[in-house]
Amino acid sequence: MPAELFARIALYLTQAGLAILIALLFWYYLRVYQQKYLKFWLLAFISFACYPIALLLHYATPLGQSGLKFLLAFTAHFACYSFAVLMLLGNLQQGSVQNSRWLGWPVSRYLVIFFVLAAAGVALPEWLPGLQSWHNFLQVELRFIVCGLLLFMAGLWLWQSSPHGLGPRLATLILMLWGALYLLHAVTVMLQVNLFLSIHGTFVYKSVELGLLVTLGFSLVIWLQENERSTNLKLTEKTRYLDQHDQLTGALNRDALLSKLQQQINTEQGTQLQLVMLGLDKFKNVNESVGLKQGDRILREVIRRFEQSIVKPVLIARTGGDIFALVLADVVSDKQLQYTLQHVQQLIEKPFLLESGPVKLTTSMGLSHYPANASSAEQLLQQANIAFHQAKRLQASWLSYQAGMEEETARLLAWESELLQAISDNQFVLYYQPQLSLRSNLLEGFEVLVRWQHPERGLLMPGQFLPMVEQLGLSQVLDLVILRNAIASIQRWQQQGVHIPLAINMSPIHFEQEGLKQELKNLLQQYSVSPEMVELEVTENTAMQDMEKGSNFALELQQMGIKVSIDDFGTGYSSLAYLRKMPIEKIKIDRSFVMDMTSNDSDMMIVKTMIKLAQGLGKRILAEGVETIDQLNLLRSLSCDAVQGYYIAKPLPENEALAFIRAYPGQIFKA
């Protein structure tokens, strides 16, 4: 074997071997990093490995003279084109270059184009005798021109994208040099300049190509490592950011608030600071009605409003689900503080425009002052939190921290523990107050009232524990206990032959909740009780709070067969036109108007007007608090439909209520 041929074979195999080794390296990186550009680089070096092998088989083995010569020539052309275009696309993926319309083409389209080009370059000179003069151009120069342009463009575009670091800069230089080498080779062949045509020139050319191959692979590995290092740095920065910021809103989180607030206290000692903790009232209901995604949008909008407000808080944080904290530093007087809090309140009450329509919210706020209340950030936040929860329980717009609030909080926590234990142990018992029809002089129902049979304090009346239940947010839980026990008592009464409806009070927070209807259905089905035996009583303000929603909810209950009544009528702000449309069964006159109506003409006229109003609206009307025969007779003369009160009977435990029903004489109260 001639030495020149052996050297050529060794050089070509070295090129192919190194290309395969680099491809294996990128195959490993692809498995580790799962990046798309690594796939392009991997395929590019596999294509380049095929290129010298195909040339070697074509020119240095008998296969080049057999029927496979066209396939080998085509493989060499296509492998060369594929290397150049895949390298170009891989660099564009890595460098995020978007300078041309056709960069968005799928890879298959590029490969089809160069497949056709490679096939044409090999087949046309053989099939069309008239193109024999173009044989060298199509077989050699065209390949080097196209590949040279592709590689030069890859380097040029990479340079324009201005990637930082040694790797991309070195890759840019190598690609441009490699492209220039191919173009120079094509020009020398076309001009028949004996630069790369001799054996010595060919070895120099292939050695330079080999050096470019190794250097390109090395530079791409450096680029990959630099890119992953940059990605890791960004992830580290993001982790540090998330350690201090709320991911949803971008505001400070609780730990960062404490840290920065303590720095503020340490660096500006003596400067007055106000920490305002605020929460969105009934935000859980908003999430349930408009969805969590829209709820998140509201939370982000709240932070945006704080950032753009004229209040200019020093620090803005989100410390919980719908809980925010603002640190104010420029408030120097009580009047200025009041204006600031009113402005914050207005920021929250401004409607939030969502896809489902505008949503209006209110807020409760708790304040703590430095240095008047606290000397550290932790203490300041704790006291603002205490004041906030106190404002929430008392339904106040805002409260400033006062000494002793901790004791009130501790007292409420003790109450909470006892109330939860009472619910668990079924310590709440029901009492039943009769309701008398003045038209038939027959009992038409009982109102269910709750008492707490406390193991230590004895029987507690509602006024002794219901305020705590409301402040602790346990109204809905207690409602369910009362509802279950009341429906269970209807079942027991029916088993004893007593069929009489029960009126059950619903707390404002529970009425109009979607879950209430399902709970009612489940309980009625569980105890085999007809819906007509249940009447729900809601206060006037509850029914009128959201008129459209209240009307729709009452209508749905009515369609289930459950009656709805308005309790404490006359103490709220009813719209008469709305009352006419609302599907309610009965209106109950508050006892405050009945107590003095026999001696007070104003109260008597109010009661008379209410009765006529209810009858004009087609509603039944019941007067509460009837304690004397004179009150009863006056109400009868005013055509009141029904009454309840101590004159008929006080609230009775279940066994006494059943005895009262059995002993009740039909005409005992007839005047």
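Keep in mind the model is a prediction, meaning the values are calculated, not measured.
At most 12 non-hydrogen atoms from other residues, nucleotides or ligands lie less than 6.0 angstrom from CD of E355. Atom CE of M595 has 12 or fewer heavy atoms from other residues, nucleotides or ligands within 6.0 Å.
Using cut-offs of 30° and 60° for the angle between ring planes, the F465 and F428 rings count as tilted. Between W493 and Y432, the ring planes lie tilted relative to each other; the angle falls in the 30° to 60° range.
Side-chain atoms of Q631 come within 3.5 Å of backbone atoms of T628 as a donor-acceptor pair (strictly under, hydrogens ignored). Using a distance-only test at 3.5 Å, with no hydrogens or angles considered, no donor-acceptor pair links the side chain of S417 to the main chain of A414. Judged by distance alone, the side chain of D425 and the main-chain N or O of Q427 form no donor-acceptor pair under 3.5 Å. Q294 contributes no side-chain N or O that, together with a main-chain N or O of G291, makes up a donor-acceptor pair within less than 3.5 Å. K563 places a side-chain N or O within 3.5 Å of a backbone atom of E532 that can act as its donor or acceptor partner. Side-chain atoms of S424 do not come within 3.5 Å of backbone N or O of L420 as any donor-acceptor pair. Side-chain N or O atoms of Q615 include one that pairs as donor or acceptor with a backbone N or O of S639 at under 3.5 Å.
Looking at heavy atoms from C-beta onward, L438 lies out of side-chain contact with D641 at the 4.5 angstrom threshold. Side chains of L278 and I323 form no contact here, defined as non-hydrogen atoms less than 4.5 Å apart. The side-chain heavy atoms of K588 and Q644, taken from C-beta on, include a pair separated by under 4.5 Å. Put simply, the side chain of I303 reaches to within 4.5 Å of the side chain of I316, judged on heavy atoms. Within the 4.5 Å cutoff, side-chain heavy atoms of M365 are placed close to those of V344. Looking at P313 and L328, their side chains come closer than 4.5 Å, going by heavy atoms from C-beta outward. Looking at heavy atoms from C-beta onward, L459 lies out of side-chain contact with W452 at the 4.5 angstrom threshold. Looking only at side-chain heavy atoms (C-beta outward), Q402 and Q390 stay at 4.5 Å or farther from each other.
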Report the C-alpha separation of E447 and N505 in whole Å, then their side-chain angles, then the decisive distance to 0.1 Å, and conclude whether the side-chain contact (heavy atoms from CB on, under 4.5 Å) test is met.
-> CA-CA 8 Å; E447 180 180 5; N505 290 285; 3.0 Å; yes
Verdict with supporting geometry, Q526 and R484, side chain to side chain donor-acceptor pair (under 3.5 Å) | CA-CA 10 Å; Q526 179 182 349; R484 175 177 292 276; 3.3 Å; yes
Check the pair R297 / E301 against salt bridge (charged side-chain N to carboxylate O under 4.0 Å, His left out), numbers first and verdict last.
-> CA-CA 6 Å; R297 183 176 167 185; E301 174 65 16; over 6 Å; no
Worked verdict on L632 versus L635 for side-chain contact (heavy atoms from CB on, under 4.5 Å) = CA-CA 5 Å; L632 180 67; L635 289 167; 5.7 Å; no
Evaluate the salt bridge (charged side-chain N to carboxylate O under 4.0 Å, His left out) criterion for residues E444 and R620: first the C-alpha distance (whole Å), next the side-chain angles of each, then the deciding distance (0.1 Å), finally the verdict.
-> CA-CA 12 Å; E444 66 173 35; R620 298 186 72 252; 2.7 Å; yes
Could you walk me through whether E627 and R591 pass the salt bridge (charged side-chain N to carboxylate O under 4.0 Å, His left out) test, one step at a time?
-> CA-CA 10 Å; E627 298 182 356; R591 67 182 65 249; 5.0 Å; no
Where do L443 and Y664 land on the side-chain contact (heavy atoms from CB on, under 4.5 Å) test, with the steps shown first?
-> CA-CA 8 Å; L443 296 176; Y664 173 69; 4.0 Å; yes
Test side-chain contact (heavy atoms from CB on, under 4.5 Å) on L367 and L341 and set out the steps.
-> CA-CA 10 Å; L367 290 79; L341 295 177; 3.5 Å; yes
Going through the distances and angles, do E535 and S565 end up as a side chain to side chain donor-acceptor pair (under 3.5 Å)?
-> CA-CA 7 Å; E535 178 181 320; S565 299; 2.4 Å; yes
Run the salt bridge (charged side-chain N to carboxylate O under 4.0 Å, His left out) check on K517 and E556 step by step: do they pass?
-> CA-CA 8 Å; K517 290 184 295 184; E556 291 173 3; 2.3 Å; yes
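Residues K650 and P434 come closest through the heavy atom pair O-CD, 4.2 Å. When every heavy atom of L399 is checked against every heavy atom of A387, the shortest pair comes out as O-CB, 3.6 Å. Heavy-atom minimum distance, M610 versus I621: O-CD1, 3.5 Å. In this structure, N441 and L436 approach most closely via the heavy-atom pair C-CD1, 3.6 Å. Smallest separation of non-hydrogen atoms from V529 and I487: CG2-O, 3.7 Å. Across E656 and L652, no two heavy atoms sit closer than the pair OE1-CD2, 3.7 Å.
Between R451 and E654 no salt bridge is recorded (no basic side-chain N to carboxylate O distance below 4.0 Å).
Counted by atom type alone, Q338 and D334 present zero donor-acceptor pairs between their side chains at under 3.5 Å. Under 3.5 Å, the side chains of Q496 and R492 contain no donor-acceptor pair of N or O atoms. T598 and D630 share no side-chain donor-acceptor pair at under 3.5 Å. No donor-acceptor contact under 3.5 angstrom links the side chains of E470 and S475, judged on distance only. H369 and Q383 share no side-chain donor-acceptor pair at under 3.5 Å. In this model, no donor atom of one side chain and acceptor atom of the other lie less than 3.5 Å apart for T363 and Q345.
Among D281, L280, V359, the single residue meeting the side chain to side chain contact (heavy atoms under 4.5 Å, CB included) criterion with V286 is V359. Test R254, R318, R300 against D246 for salt bridge (charged side-chain N to carboxylate O under 4.0 Å, His left out) and you get one pass: R318.
Atoms CD and CG, from Q518 and N522 in turn, are 4.5 Å apart once rounded to the nearest 0.5 Å. Here the straight-line distance linking atom CE of M277 with atom OG of S364 works out to 13.0 Å at 0.5 Å rounding. Put simply, CG on D590 and CD1 on I606 are 11.0 Å apart, with the number rounded to the nearest 0.5 Å. Separating the CG atom in L483 from the CD1 atom in I504 is a distance of 5.0 Å, to the nearest 0.5 Å. Taken from CG in L347 to CD in Q342, the straight-line distance is 12.0 Å, to the nearest 0.5 Å. Distance check, rounded to the nearest 0.5 Å: CG of D296 to OG1 of T249 gives 10.0 Å.
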